Amino acid sequence: MATYYQEASHTFSEYLLVPGLTEEQNIPQNVSLKTPLVKFRKGEEPSISLNIPMVSAVMQSVSGDRLAIALAKEGGISFIFGSQPIADQAAMVARVKNYKAGYVPSDSNVTPDTTIAEMLELLDKTGHSTMAVTEDGTANGKLLGMITSRDYRIGHVSLDAKVKEFMTPREKLIVGRSTDNLSTCNDLIWEHKLNTLPLVDENDHLAYLVFRKDYESHKAHPNELLDHEKRFMVGAGINTRDYEERVPALLNAGVDILVIDSSDGYTCWQAKTIHWIREHYGDSVKIGAGNVVDPDGFNYLADAGADFIKIGIGGGSICITRETKGIGRGQATAVQEVAKARDAYFEKTGTYIPICSDGGIVYDYHIILALAMGADFVMLGRYFSRFEEAPGEKLMINGSYVKEYWGEGSNRARNWGRYDLGQGRKLSFEEGVDSYVPYAGFLHDNVLMTTSKIKSTMCNCGALDIPELQRKARLTLVSATSIVEGGAHDVMVKHKDTSFNK
Ligand SMILES: NC(=O)C1=CN([C@@H]2O[C@H](COP(=O)(O)OP(=O)(O)OC[C@H]3O[C@@H](n4cnc5c(N)ncnc54)[C@H](O)[C@@H]3O)[C@@H](O)[C@H]2O)C=CC1
Ligand SMILES: O=c1[nH]c(=O)c2[nH+]cn([C@@H]3O[C@H](COP(=O)(O)O)[C@@H](O)[C@H]3O)c2[nH]1
Ligand SMILES: [K+]
């Protein structure tokens, strides 16, 4: 006989948090939203943590390189969509990794004997007029000087002249140490009125350049998610078919973490994919898996070796999976059940596997509910698709700006050809829709608003960080009429509330 669950499965909107005791220290400035991205042993630190508990969905209309950079600046991570040719996806990853985040490896380097003609050719290629002069002409050679467009006057210098005749020599340069933090660099930049500060190591070899204008952008983003080379972190989605080609290409492009992107993660295909990665790369390559909605699915992927596990079938705003295939579970219940399994797994094995609630976040407060129920972070599609940096087209419809947002299971997304891979399968039915969402401006402003709401609610619950919230949270189911009570009611609203974030 089939198994029947006795409880109905619930959605986020059916819950509210009951405040806990708020004390002196419970102010938003003291709240940390840092959260683990990959599994770790009890008492140890995860090798990757997020600075805010938000990641962007593995979707064509959400996670391109532009959004990935904007989100990494805020402390989250994007998973670049996998529904595109391998080379295109790897190129997107590489664009994020090569983006400047304060410290820049110098990409325009010459030697003292380089001619002005050769230097101009390089300028043409890179577009960068500030060049390092090193002994061997490489980005990490011994620093001998700097040359910028202010040092020579085109038309007035011989093209055969050498760089050494015009450069500012090393002894006249102000330099920083490669170990200096950005604020020390910025002090030097201001003190000496510099545009560029070279950083050298103990042997006077060039390490990085720090530019005045980059520092200003960096200062506005204290939560930036950076790798050990100070590059933005980025993830990428893979599938369970072409991973033998896709994974090496993504790693080569510098990807920090992978996730297997599927509606249903409780499959032998996912276990095989993870095993292949462990066999070829050991634990050095981090990979999330999913989606699951119950303890069985969680335990299967945990045993297979997943670094994090994603929860959610059919709850996404563009999803029609529940309608077309009859599979899924209310997202709140799914998170609660999987969180229980994760805690039991931790208890049993000493390994903590972060879980991600994917899909169905409609209001900002749904994020805090997901976290309170045990999720370590959330994945959002619709939320990010509304922003300037999202890949969808921005259009004017009936006097309002909208962005395009389409599901990965829609014909539009599937047309790139994945569904013809291997077995020559053809698409038989759609599992997602193509839609518009109201345009919402820039990612930075929206994420700032969302995270400040999360922090504020955490103060109501007396929690200074996410684990404390998870320990202390008290959640209540709400009746249908109390949901009406929770909105503006029995008044004529003058202006539509834009902070509502829907
Ligand atoms: N979270 C959600 O509720 C949903 C998400 N989506 C999104 O749509 C996209 C497509 O999802 P899916 O259709 O689940 O893609 P999928 O590629 O995981 O699965 C498609 C079909 O191929 C089969 N399959 C997978 N690997 C195989 C292999 N190596 N050999 C033979 N058969 C194999 C699967 O069992 C399934 O029947 C993803 O981006 C996913 O995130 C779609 C529907 C619902
Ligand atoms: O049934 C589906 N058909 C689709 O075409 C589809 N595309 C994406 N997804 C899933 O929805 C998540 C994003 O959900 P939100 O827009 O609610 O944030 C995503 O992160 C996915 O898990 C889909 N589900
Ligand atoms: K399954």
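Since the model is a prediction, treat every value here as computed from it, not as a measurement. What's counted below: heavy atoms across the whole structure, side chains too, no hydrogens, waters or symmetry copies.
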Only one of Val285, Val255, Val234, Ile80 passes side chain to side chain contact (heavy atoms under 4.5 Å, CB included) with Leu250, and that residue is Val255
Please say whether more than 12 non-hydrogen atoms of neighbouring residues, nucleotides or ligands are located less than 6.0 Å from OH in Tyr436. no
In sequence, state the C-alpha distance, the side-chain angles, and the governing distance for Thr130 and Thr148, and then conclude on side chain to side chain donor-acceptor pair (under 3.5 Å). CA-CA 4 Å; Thr130 299; Thr148 77; 5.6 Å; no
When rounded to the nearest 0.5 angstrom, what is the spacing between CG in Leu206 and CZ in Arg170? 10.0 Å
Report the distance from atom CG of Asp180 to atom CG of Asn186, rounding to the nearest 0.5 Å. 12.0 Å
Any donor-acceptor N/O pair, Thr35 side chain to Asp376 backbone, under 3.5 Å: yes
Evaluate side chain to side chain contact (heavy atoms under 4.5 Å, CB included) for Arg382 paired with Tyr405, printing each intermediate quantity in order. CA-CA 7 Å; Arg382 187 197 57 82; Tyr405 179 42; 3.5 Å; yes
Here the gap from Ile287 atom CD1 to Tyr281 atom OH, rounded to the nearest 0.5 Å, amounts to 11.0 Å
Would the distance check show the side chain of Gln89 and the main-chain N or O of Gly237 forming a donor-acceptor pair, the cut-off being under 3.5 Å? yes
Evaluate side chain to side chain donor-acceptor pair (under 3.5 Å) for Thr111 paired with Asp113, printing each intermediate quantity in order. CA-CA 5 Å; Thr111 71; Asp113 291 322; 5.3 Å; no
Do the side chain of Lys310 and the main chain of Gly288 share a donor and acceptor less than 3.5 angstrom apart? no
Going through the checks in order, is the side chain to side chain contact (heavy atoms under 4.5 Å, CB included) test met by Leu197 and Leu209? CA-CA 6 Å; Leu197 177 74; Leu209 302 177; over 6 Å; no
Residue Glu45 excluded, over 12 heavy atoms near CD under 6.0 Å: no
Do Ile367 and Met54 have side-chain heavy atoms sitting under 4.5 Å apart? yes
Validation row: Ile257, Ile77 side chains within 4.5 angstrom (heavy atoms): yes
Could you pull out the closest heavy-atom pair between Phe308 and Phe79, with the gap in Å? CZ-CZ, 3.8 Å
I want to check a possible cation-pi pair here: Lys394 against Tyr439, using under 6.0 Å from ring centre and within 45° of the ring axis as the test. yes
Should Phe81 and Val62 be marked as a side chain to side chain contact (heavy atoms under 4.5 Å, CB included) after you check the CA-CA gap, both sets of side-chain angles, and the distance that decides it? CA-CA 8 Å; Phe81 60 93; Val62 180; over 6 Å; no
Keeping Asp204 on the side-chain end and Val200 on the backbone end, is there a donor-acceptor pair under 3.5 Å? no
Minimum heavy-atom separation for Pro391 to Gly64, with atom names? CG-N, 3.8 Å
If you round to the nearest 0.5 Å, how far is CD of Gln270 from CG of Asp261? 9.0 Å
If only atom types and distance count, is the side chain of Arg386 paired as donor or acceptor with the main-chain N or O of Val402 below 3.5 Å? no
Hey, is Glu404 close enough to Arg412 for a salt bridge, meaning N to O under 4.0 Å? yes
Check: Gly312 main-chain N/O paired with Asn291 side-chain donor or acceptor under 3.5 Å: yes
For Met59, is there any backbone N or O sitting under 3.5 Å from a side-chain donor or acceptor partner on Ser63? no
Here the pair of heavy atoms bringing Ser385 nearest to Ala390 is O-CB, 3.6 Å
Is a side-chain N or O of Asn30 found less than 3.5 angstrom from the main chain of Asn26, in a donor-acceptor match? no
Write down the atom of Ala236, the atom of Val93, and the distance for their closest heavy-atom approach. CB-CG2, 4.3 Å
For Asp465, is there an ion pair with Lys34 - N to carboxylate O distance below 4.0 angstrom? no
Working to the nearest 0.5 angstrom, can you tell me the gap between Met119 CE and Met131 CE? 5.5 Å
dist Met92:CE -> Leu67:CG (nearest 0.5 Å) comes out at 11.0 Å
Any ion pair linking Arg414 and Glu431 (charged N to carboxylate O, less than 4.0 Å)? yes
In terms of side-chain heavy atoms, does Thr184 have a donor or acceptor partner in Asp187 at a distance below 3.5 Å? no
Decide yes or no on side chain to side chain donor-acceptor pair (under 3.5 Å) for Ser106 and Asn109, but give the supporting numbers first. CA-CA 7 Å; Ser106 174; Asn109 306 290; 2.6 Å; yes
Minimum heavy-atom separation for Ile318 to Gly407, with atom names? CG1-CA, 3.9 Å
Ignoring hydrogens and geometry, is there a side-chain-to-backbone donor-acceptor pair from Gln60 to Ser83 under 3.5 Å? yes
Apply the test side chain to side chain contact (heavy atoms under 4.5 Å, CB included) to residues Leu144 and Thr134: give CA-CA distance (whole Å), side-chain angles for both, the deciding distance (0.1 Å), then the verdict. CA-CA 5 Å; Leu144 301 179; Thr134 57; 5.8 Å; no
Backbone N or O of Asn223 within a donor-acceptor pair of the Asn51 side chain at under 3.5 Å? yes
Flag if over 12 foreign heavy atoms under 6.0 Å of OH, Tyr401: no
Exercise: identify the closest heavy-atom pair between Ile454 and Ile368: O-CD1, 3.4 Å
Using a strict 4.0 Å threshold on nitrogen-to-oxygen distance, state whether Lys97 and Asp227 make a salt bridge. yes
The test is side chain to side chain donor-acceptor pair (under 3.5 Å); show your working for Arg41 and Tyr352 and say whether it passes. CA-CA 6 Å; Arg41 301 279 308 159; Tyr352 185 92; over 6 Å; no
Salt bridge between Asp283 and Arg278, side-chain N to carboxylate O under 4.0 Å? yes
Does Trp276, at its CH2 atom, have more than 12 non-hydrogen atoms belonging to other residues, nucleotides or ligands within less than 6.0 Å? yes
Are Thr115 and Asp160 linked by a side-chain donor-acceptor pair shorter than 3.5 Å? no
Do Tyr383 and Ser317 have a side chain donor and acceptor closer than 3.5 Å? no
Just wondering, are more than 12 heavy atoms of other shown residues or ligands nearer than 6.0 Å to CZ in Arg177? yes
